[in-house]
> 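Before anything else, here's the structure in question.
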Number of protein chains: 2
Amino acid sequence: MNKINLTTQRKAILDIIQQSHDHPTAAEVIERLREQGRQFAYGTVYNSLRYLTDMGLIRELKLGEAASRYDARTDEHQHIVCRRCGRVDEVLTDIPAAWLEAVARETGYAIDRAQAVVEGVCAECRNSGK
Amino acid sequence: MNKINLTTQRKAILDIIQQSHDHPTAAEVIERLREQGRQFAYGTVYNSLRYLTDMGLIRELKLGEAASRYDARTDEHQHIVCRRCGRVDEVLTDIPAAWLEAVARETGYAIDRAQAVVEGVCAECRNSGK
DNA sequence: GCAATATTTATACTAAATCTAAATATAAAC
DNA sequence: GTTTATATTTAGATTTAGTATAAATATTGC
Ligand SMILES: [Mn+2]
Ligand SMILES: [Mn+2]
Ligand SMILES: [Zn+2]
Ligand SMILES: [Zn+2]
């Protein structure tokens, strides 16, 4: 039962992630810190993001882009990425348990979890550019 | 209808991907080329992998690990990764279309495709380690 | 064969993230 | 409340995966 140690830096970074709903990257977190007039060492931001992830306060998302994104929503959910504008939205409809069971049968694996990245065009992009 | 130009290098790399069933990374491709006594420039391997991917002869997989993996199987399918030994196996059971439809309704996106990475422990690892 | 085009090569460079060791800050012991 | 121990931050070097560049080589069209 390790107590969570929220330093000034970690708290500031956690706040940004919790106030952001667009799954920011580490670079975007640094940018938003700077907008607030704060500036921490490069490594501190990465260390803090890892710490907060390890403590279960945030989640790291690897969606196949170059950089990881971070999410204050820690409950199991999936993501959808717009092919046009790059935005990342939540997918709260659960992956069907029956599919995971079928995959377990097919592969012989004991399944822990599944991550889905859906790709498409968001409503906004569809409306604007024909 | 662009003709595919398979140079010596591209052919050798394609052969390795087609003969491998473990979804090798670029580094592993280089390693296997060396085992065959062949050695191409670093950049040539990356260029060739990109070319073969663009031509649709192979697929690039971004499974959330640091490095991309490559797959000679180009039909739509998913992957499962062993948490213990790191092996990557095929998942041929399709993601349910009903789930994708539910996601489209939920998000308002026009969905192009979905990639799932399932994580678990493979049969072999389960048998060996307790 | 000779010019035009494409590919390979070696090398430099980039982006994301980690590692290192010194400097600070925080907590525990006297 | 000073001293000692532990944890964290910092700046900078390092790593890893991959891309960009420009010269050298190979291939194709005439
Ligand atoms: Mn999310
Ligand atoms: Mn595959
Ligand atoms: Zn969009
Ligand atoms: Zn395994």
Side-chain angles (χ1 to χ4, degrees), chain A residues 1-17 20 22-34 36-55 57-71 81 86 88 117, chain B residues 1-17 20 22-34 36-55 57-71 81 86 88 117:
Chain A
M1 198 100 304
N2 287 344
K3 200 176 162 300
I4 289 169
N5 180 8
L6 279 190
T7 62
T8 313
Q9 290 83 349
R10 288 170 182 170
K11 182 70 172 58
I13 289 165
L14 176 59
D15 284 346
I16 286 186
I17 308 274
S20 301
D22 60 345
H23 308 90
T25 62
E28 286 165 346
V29 169
I30 290 170
E31 196 183 320
R32 287 167 206 192
L33 284 167
R34 186 160 297 138
Q36 296 182 359
R38 293 160 175 279
Q39 184 165 335
F40 309 140
Y42 202 69
T44 299
V45 177
Y46 279 101
N47 282 341
S48 299
L49 288 169
R50 189 152 34 126
Y51 178 86
L52 296 169
T53 302
D54 289 347
M55 289 302 149
L57 297 176
I58 63 175
R59 269 181 92 127
E60 181 183 12
L61 307 179
K62 295 182 173 178
L63 305 181
E65 302 162 297
S68 285
R69 294 180 171 274
Y70 295 89
D71 195 343
V81 182
V88 176
V117 182
Chain B
M1 198 98 302
N2 287 343
K3 201 179 162 297
I4 291 169
N5 180 7
L6 280 189
T7 62
T8 313
Q9 290 81 350
R10 289 170 181 170
K11 183 67 171 58
I13 289 165
L14 176 59
D15 283 348
I16 285 185
I17 307 275
S20 302
D22 59 347
H23 308 92
T25 62
E28 285 164 347
V29 169
I30 290 170
E31 197 184 320
R32 288 168 205 192
L33 284 168
R34 186 162 297 135
Q36 295 181 0
R38 293 161 175 279
Q39 184 164 335
F40 308 139
Y42 202 70
T44 299
V45 176
Y46 280 101
N47 283 341
S48 299
L49 288 169
R50 189 152 33 126
Y51 178 86
L52 295 169
T53 302
D54 290 346
M55 290 301 148
L57 297 177
I58 64 175
R59 268 182 94 126
E60 181 182 12
L61 307 179
K62 294 181 173 180
L63 305 180
E65 302 163 298
S68 286
R69 294 180 171 274
Y70 295 89
D71 194 343
V81 182
V88 176
V117 182

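The basis for the numbers below is simple: all heavy atoms, side chains too, and nothing from hydrogens, waters or symmetry mates. Here is the naming used below: chain letters follow the sequence lines, and residue numbers restart at 1 for every chain.
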> Just compare C/dT18, C/dT7, D/dA11 and give me whichever is closest to any side-chain atom of A/Ala41.
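Nearest listed nucleotide: D/dA11.
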
> Is B/Arg50 salt-bridged to B/Asp54, cutoff N-O under 4.0 Å?
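No, B/Arg50 and B/Asp54 are not salt-bridged.
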
> Could you tell me how far apart A/Lys3 (NZ) and C/dT26 (P) are, to the nearest whole angstrom?
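After rounding, the gap between these two atoms is 13 Å.
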
> Expressed as a whole number of angstroms, how long is the span from A/Lys62:NZ to C/dA16:C1'?
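Atom NZ in A/Lys62 sits about 11 Å away from atom C1' in C/dA16.
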
> Return the value, rounded to whole Å, for the distance between atom CZ of A/Arg10 and atom C1' of C/dT26.
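These atoms are roughly 12 Å apart.
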
> Please give, in whole Å, the distance from C/dA16 P to A/Ile30 CD1?
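Spelled out: CD1 on A/Ile30 to P on C/dA16 is 10 Å.
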
> Does B/Thr44 put a side-chain nitrogen or oxygen below 4.0 Å from OP1 or OP2 of C/dT7?
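For C/dT7, neither OP1 nor OP2 has a side-chain N or O of B/Thr44 closer than 4.0 Å.
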
> Less than 4.0 angstrom between a side-chain N/O of B/Ser68 and OP1 or OP2 of D/dG18, yes or no?
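Looking at the OP1 and OP2 atoms of D/dG18, one of them is under 4.0 Å from a side-chain N or O of B/Ser68.
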
> When rounded to the nearest 0.5 angstrom, what is the spacing between CE in B/Met55 and CG in B/Asn5?
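Rounded to the nearest 0.5 Å, the CE-CG separation comes to 8.5 Å.
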
> Rounded to the nearest Å, what distance is computed from the OH atom of residue B/Tyr51 to the P atom of nucleotide C/dT7?
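Between P of C/dT7 and OH of B/Tyr51: 6 Å.
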
> By nearest nucleotide on DNA chain D, pick out whichever of B/Asn47 and B/Arg69 is the more 5' one.
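Whichever sits nearer the 5' end wins; that is B/Arg69.
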
> Distance check needed: C/dT8 P versus B/Lys11 NZ, whole Å only.
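In whole Å, C/dT8 P and B/Lys11 NZ are 14 Å from each other.
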
> Once you apply a heavy-atom cut-off of 4.0 Å, does B/Tyr42 come out as touching a base, just sugar-phosphate, or nothing?
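B/Tyr42: base contact, heavy atoms under 4.0 Å.
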
> Between A/Gln39 and B/Ala26, which residue's closest nucleotide on DNA chain D lies nearer the 5′ terminus?
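Upstream on the strand: A/Gln39.
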
> D/dA20, D/dT10, C/dT7: which one has an atom nearest the side-chain heavy atoms of B/Asn5?
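Ranking D/dA20, D/dT10, C/dT7 by closest atom to the B/Asn5 side chain puts C/dT7 first.
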
> Could you check how far CD of B/Glu65 sits from P of D/dT15, rounded to whole Å?
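Computing the B/Glu65:CD to D/dT15:P distance gives 22 Å.
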
> Is A/Tyr46 close enough to C/dT18 that one of its side-chain N or O atoms is under 4.0 Å from OP1 or OP2 there?
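No, because none of the side-chain N or O atoms of A/Tyr46 sits under 4.0 Å from OP1 or OP2 of C/dT18.
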
> Check A/Val45 against A/Ile13 and note the closest heavy-atom contact, atom names and distance.
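Smallest interatomic distance, heavy atoms only, reads CA-CD1, 3.8 Å.
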
> At less than 4.0 Å, is any side-chain N or O atom of B/Gln9 found next to OP1 or OP2 of D/dA26? Yes or no.
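Result: no.
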
> Could you grab the distance from atom CG of A/Leu57 to atom CG of A/Leu6, nearest 0.5 Å is fine?
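Reported to 0.5 Å precision, the distance equals 6.5 Å.
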
> About how many Å separate OH of A/Tyr70 and OG1 of A/Thr53, when rounded to the nearest 0.5 Å?
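Result: 5.5 Å between the selected atoms.
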
> In whole angstrom, what separates A/Phe40's CZ from C/dT24's C1'?
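Going from CZ in A/Phe40 over to C1' in C/dT24 covers 15 Å.
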
> When you measure from the side chain of B/Ala67, which nucleotide among D/dA17, C/dT9, D/dA20 comes out closest?
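The answer is D/dA17.
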
